[in-house]
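Quick notes on the structure that follows.
Count residues from 1 along the sequence.
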Amino acid sequence: MEEHLTVGRVAELAGVTVRTLHHYDEIGLAQPSSRTAAGYRVYTSGDVERLREVLAYRRLGFGLREIAHLVDDPATDAVAHLRRLRGLLLDQRDRAAAMVTAIDRELEARAMGIRTTPEEQLQMFGAQLYDAIGSAYPATRRTEPRIAARIWDALGDARTVLNVGAGTGSYEPSDRDVTAVEPSAVMRAQRPADAAPCVAAAAECLPFEDRSFDVAMAVSTVHHWPDPIAGLREMRRVARRVVVLTYDADDAGWRQRFWLTRDYLPEFADLFAGRPALADLTRAIEGRTEPVLVPWDCADGFFEAYWRRPEAYLDEHVRRAVSVWTRVGPRTERRVVGELGDDLASGRWAERNGDLIGLDAAELGLRLLVA
């Protein structure tokens, strides 16, 4: 017979309070699904498995909303959750070990009367941006089929594909031989169990021979690279064809067309100061550019995806999966959310942007570079 565990016993074994379990039950996050003959609620093995995942993600710092999206994902089974959790925990361990090493070095330096510089003091906390936002990706960053069709069509008849800055692999074609490259351990840990093999490397230094692949692709990642031009040249080196989905961030007209950057977030322009222009990126691969429209119901929750669904920007877990909000900082983020919330409640947003309601897609600077 299947073993059932009481709420009190589960709390004791898991090291949480009964009150915590009751809260998870009330919000539908992890509920005991069976009852004893006396009517007391008890956990089945399936309930415990789900609760184990909830508690593990919670202890890794995930919010309850994010956890609900993760554990309710029908495409992720218990084994996939375990693999993801293992990767996240290993990354957390590695970060802690690196910080201990950095602290030990500073203690040694201070013992010798040497003061470290402000830059050195902050390096122990350094992290790639994806490591800061990557944990929120599974909740809102999914493959948008209409954009995927444009990318896959641009791949042509290529059989071997290198996906650079692959993240969780949302746009990797399933009918090709794909190799992924992703520097962030957080992102690598969230790749599905059946995803393409993934190499820990940076775009600027790809560990492959010249012309190793038919095509190299990069989707919504170039703006995160320390040296985009070098990364694109590396893609050109290792593949006979290059396909890149990126943004025309130097187009002032685009920033004016998107109401969020125009009316609420002028700081957006500062994020791309000093970054290569779209023309420079295109020249790096000797390619051409094609505009890509953003559908109103875009499934991939990138920054511009909710242009016709403004209330989405008030949602914490939507914002956490977009690097822009991490980069502008919490004070700016709070200001934007407050102003937008007020304008949605008063009807001012609708007055300014009523013309968007009739559009099925919008031109917001998304570009496909093909060489």
Side-chain angles (χ1 to χ4, degrees), residues 128-130 133 141 144 147-156 158 161-167 170-173 179-184 187 201-208 210-258 261 267-294 300 302-305 322-324 327 362-371:
Q128 293 187 6
L129 183 59
Y130 270 151
I133 67 174
R141 301 303 297 270
E144 165 48 54
I147 294 177
R150 291 287 305 277
I151 296 170
W152 297 341
D153 182 64
L155 298 180
V161 179
L162 178 68
N163 187 13
V164 182
S170 296
Y171 289 91
E172 290 173 3
T179 300
V181 168
E182 173 53 53
S184 167
M187 300 300 285
E204 295 86 347
C205 188
L206 296 173
F208 306 104
D210 294 356
R211 300 293 186 266
S212 296
F213 301 90
D214 293 334
V215 63
M217 61 181 281
V219 178
S220 298
T221 177
V222 171
H223 54 291
H224 292 304
W225 298 353
D227 189 342
I229 299 299
L232 291 172
R233 287 174 177 164
E234 273 288 88
M235 292 176 66
R236 189 68 168 153
R237 178 184 66 80
V238 303
R240 285 176 284 276
R241 187 177 180 84
V242 176
V243 176
V244 176
L245 184 70
T246 187
Y247 303 92
D248 188 1
D250 53 290
D251 180 3
W254 162 54
R255 291 195 291 270
Q256 288 300 310
R257 283 195 296 271
F258 186 29
T261 55
E267 295 89 347
F268 180 83
D270 298 332
L271 301 181
F272 294 91
R275 304 293 284 178
L278 182 69
D280 296 328
L281 301 179
T282 308
R283 277 194 295 271
I285 61 170
E286 301 175 3
R288 67 179 188 277
T289 65
E290 302 173 4
V292 177
L293 300 184
V294 181
D300 188 352
F302 51 80
F303 181 59
E304 300 86 356
V322 177
S323 64
V324 168
R327 296 174 69 187
E363 206 292 89
L364 295 172
L366 210 61
R367 296 290 183 267
L368 196 65
L369 313 186
V370 182

May I ask you to test the [X]-[Y] pair for a side-chain heavy-atom distance under 4.5 Å?
{"X": "Phe268", "Y": "Phe258", "value": "no"}
{"X": "Leu278", "Y": "Leu369", "value": "yes"}
{"X": "Phe302", "Y": "Glu144", "value": "no"}

Let me confirm one number: the [atom1]-[atom2] distance from [X] to [Y], rounded to the nearest 0.5 Å.
{"X": "Arg288", "Y": "Arg367", "atom1": "CZ", "atom2": "CZ", "value": "14.0 Å"}
{"X": "Ser170", "Y": "Ile147", "atom1": "OG", "atom2": "CD1", "value": "11.0 Å"}
{"X": "Leu366", "Y": "Leu245", "atom1": "CG", "atom2": "CG", "value": "4.5 Å"}
{"X": "Leu206", "Y": "Thr179", "atom1": "CG", "atom2": "OG1", "value": "11.5 Å"}
{"X": "Asp210", "Y": "Arg240", "atom1": "CG", "atom2": "CZ", "value": "11.0 Å"}

Over all atoms of both residues, closest heavy-atom pair of [X] and [Y]:
{"X": "Gly165", "Y": "Glu182", "result": "C-OE1, 3.4 Å"}
{"X": "Arg211", "Y": "Ala239", "result": "NH1-O, 3.5 Å"}
{"X": "Ala305", "Y": "Val294", "result": "CA-CG1, 4.1 Å"}
{"X": "Pro228", "Y": "Leu281", "result": "CB-CD2, 3.9 Å"}
{"X": "Pro226", "Y": "Glu204", "result": "CD-OE2, 3.0 Å"}
{"X": "Pro207", "Y": "Ala201", "result": "CD-CB, 3.8 Å"}

Note to self: Applying salt bridge (charged side-chain N to carboxylate O under 4.0 Å, His left out) as the test, list every pair that has at least one member in residues 272-283; sequence neighbours left out.
What the structure shows: Asp280-Arg283
Say whether, by atom type as modelled, one donor and one acceptor occur between the side chain of [X] and the main chain of [Y] under 3.5 angstrom.
{"X": "Glu267", "Y": "Ala269", "answer": "no"}
{"X": "Arg150", "Y": "Glu290", "answer": "no"}
{"X": "Trp152", "Y": "Tyr171", "answer": "yes"}
{"X": "Arg241", "Y": "Ala371", "answer": "no"}

Notebook entry, point to check: Can you tell which of Ile229, Val370, Leu232, Val243 makes a side-chain contact (heavy atoms from CB on, under 4.5 Å) with Ile285?
Noted result: Leu232
Checklist line | Test side-chain contact (heavy atoms from CB on, under 4.5 Å) applied to Met235 and Leu162, Val181, Val222, Val242, the passing residue | finding: Val242
